[in-house]
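First the structure, in the form of structure tokens, and then the observations on it.
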Amino acid sequence: MRIGIPQEIHAGERRVATTPEVASKLIKLGFSVSLQKGAGIAADFSDEAYREFGVEIVDDPRSLWASADIVLKVRAPEQRPELACHEIDLLREGALLISFLWPAQNPDLMERLAARRVTALAMDSVPRISRAQKLDALSSMANIAGYRAVIEAAQHFGRFFTGQVTAAGKVPPAKVFVIGAGVAGLAAIGAANGLGAIVRAMDTRPEVKDQVKSLGADFVEVNYEEEGGGVGGYAKVMSEGYQKAQRDTTAKQCMEVDIVITTALIPGKPAPKLISAGMVEAMQDGSVIVDLAAEQGGNCELTVPGQVVMRHGVTIVGYTDMPSRMARQSSQLYSTNLLRVLEELCVNKDGIAIVNMDDEMIRGATVVKEGMITWPSPAPKLSGAPPVVNGAAPVFTPPAPKKPLIPAAISNALLFAVLGAALFALGNVAPAAFMSHFMVFVLACFVGYMVIWNVTPALHTPLMSVTNAISSIIAIGALIQVAAPSVIMKLLAGVALALTTVNMAGGFAVTQRMLRMFRRSE
């Protein structure tokens, strides 16, 4: 089967559906690959680079679409003014289209695809299950969007992100507030923290709290009890009471921070309005808002999709093409997601793609099958979900903990008694020299254990822990040998003590210095 990659015609779109490296892997699967001339130029992939990997370059877009059994795209098909037709009309009947389609927002597009009797897989409809993670183009693009949001914020902020002490005075670190800790939000948190900013984040889902903290940010909790987890890892629409408490928390944070990055989206619904005009007016002059939900209406009331505007001294970035602003990286990740899709469709690696509707991963992404609209797909089956009995899922009752046959205090006493008896018996039969060395060994192990146990875990890695434990054993042996009658033994013991001291003290000193590099004052 032939794969065709047309040039993206959406305004401002610079991505391409396949890179030269991925195209070579598609060819190894048995497909032949055709690319419209210049399709990869905006993403910094030349036609010559594709030719080196065996891709055919086609000048005429009509012939590309007409000859392709499979069409890979980034954006959904659109009207092509220069050809006086819609891209769907260029598809031949029975072809397979794989791209972002957004079926919930584009019902007319679904009807048009069905009328053309094609099969269409929507990359935005890939189910959120473990098996489908390698196909999850939404997460790939959201990761890039979150990172790029921080870069755009830095561009318009005009100040350092990290705090600095200079001859001209002290510069405080920037304060960044991220609303929504999904894939994009976590990427923004990581990027902002990496640049040295003080980062705070808020999300309706309490389970992301640990993820936020693991990236070095503070989790801002809304003082209202309500579970915010929705289907497929997304957030759900919250109650009016929660929304009011959230608005109060957001307003307070907006007055304190320098940069706000919003990422809140709910599938199939307009973006929730989380930042009002009043909140923007209360922000400090020179502050920046980056609205990653701009394409769905924006989380800020004053966002203008696709534009950067200044309101009340605050710069509001409403770009709708964040992934496209890093076109080369986005194309690499997106084309890899498409490759994984085709690997699932072409199991035998014979260049023939078969849409298996019994595979819940493929079924979830398939929105049109041979002219029949199959969206929405049934909810994925969760093997760990409890069975439903009489219309209600049973309540899980954890098993009662088993009582130990012997209480812990008695078992510990018995253990120490047995060890004591064993040591007493060993002392009666073993030579005096053996017992002397044995006691040194026990003391060395004890000291080594205490050296590591009483140190904050953040100060050492497991490897350093083992090294310091061994060093402490060497120190005990060296201390004993210092009193040896031989001058050579005393000299060697002194050298051992010196090296052990340097190893132990230097290891912790270097660790402390490394940690100090990442510390900053509020």
Quiz prompt | Inter-residue atom distance Gln329.CD - Tyr147.OH, 0.5 Å rounding | solution = 9.5 Å
Quiz item: Could you give the distance from OG (Ser125) to CH2 (Trp102), rounded to the nearest 0.5 Å?
Solution: 8.0 Å
Self-check item: Salt bridge present between Glu343 and Lys134 (N-O < 4.0 angstrom)
Solution: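 No, Glu343 and Lys134 are not salt-bridged.
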Self-check item: Test: Asp248 and Lys244 ion pair at under 4.0 Å
Solution: yes
[X] side-chain N/O to [Y] backbone N/O, donor-acceptor pair under 3.5 Å:
X      : Y      : answer
Asn299 : Pro272 : yes
Thr336 : Gln332 : yes
Asp44  : Arg328 : no
Thr166 : Gly169 : yes
Asp218 : Arg200 : no
Ser24  : Phe53  : no
Thr263 : Gly180 : yes
Lys349 : Gly30  : no

Any side-chain heavy atom of [X] within less than 4.5 Å of one from [Y]?
X      : Y      : result
Met322 : Val290 : yes
Pro378 : Arg363 : yes
Val126 : Leu138 : no
Tyr319 : Glu152 : yes
Leu345 : Val355 : yes
Val341 : Ile98  : yes
Asn348 : Ile354 : no
Arg15  : Met141 : yes

Self-check item: Considering all heavy atoms, the nearest Leu186-Ala181 contact
Solution: CG-O, 3.6 Å
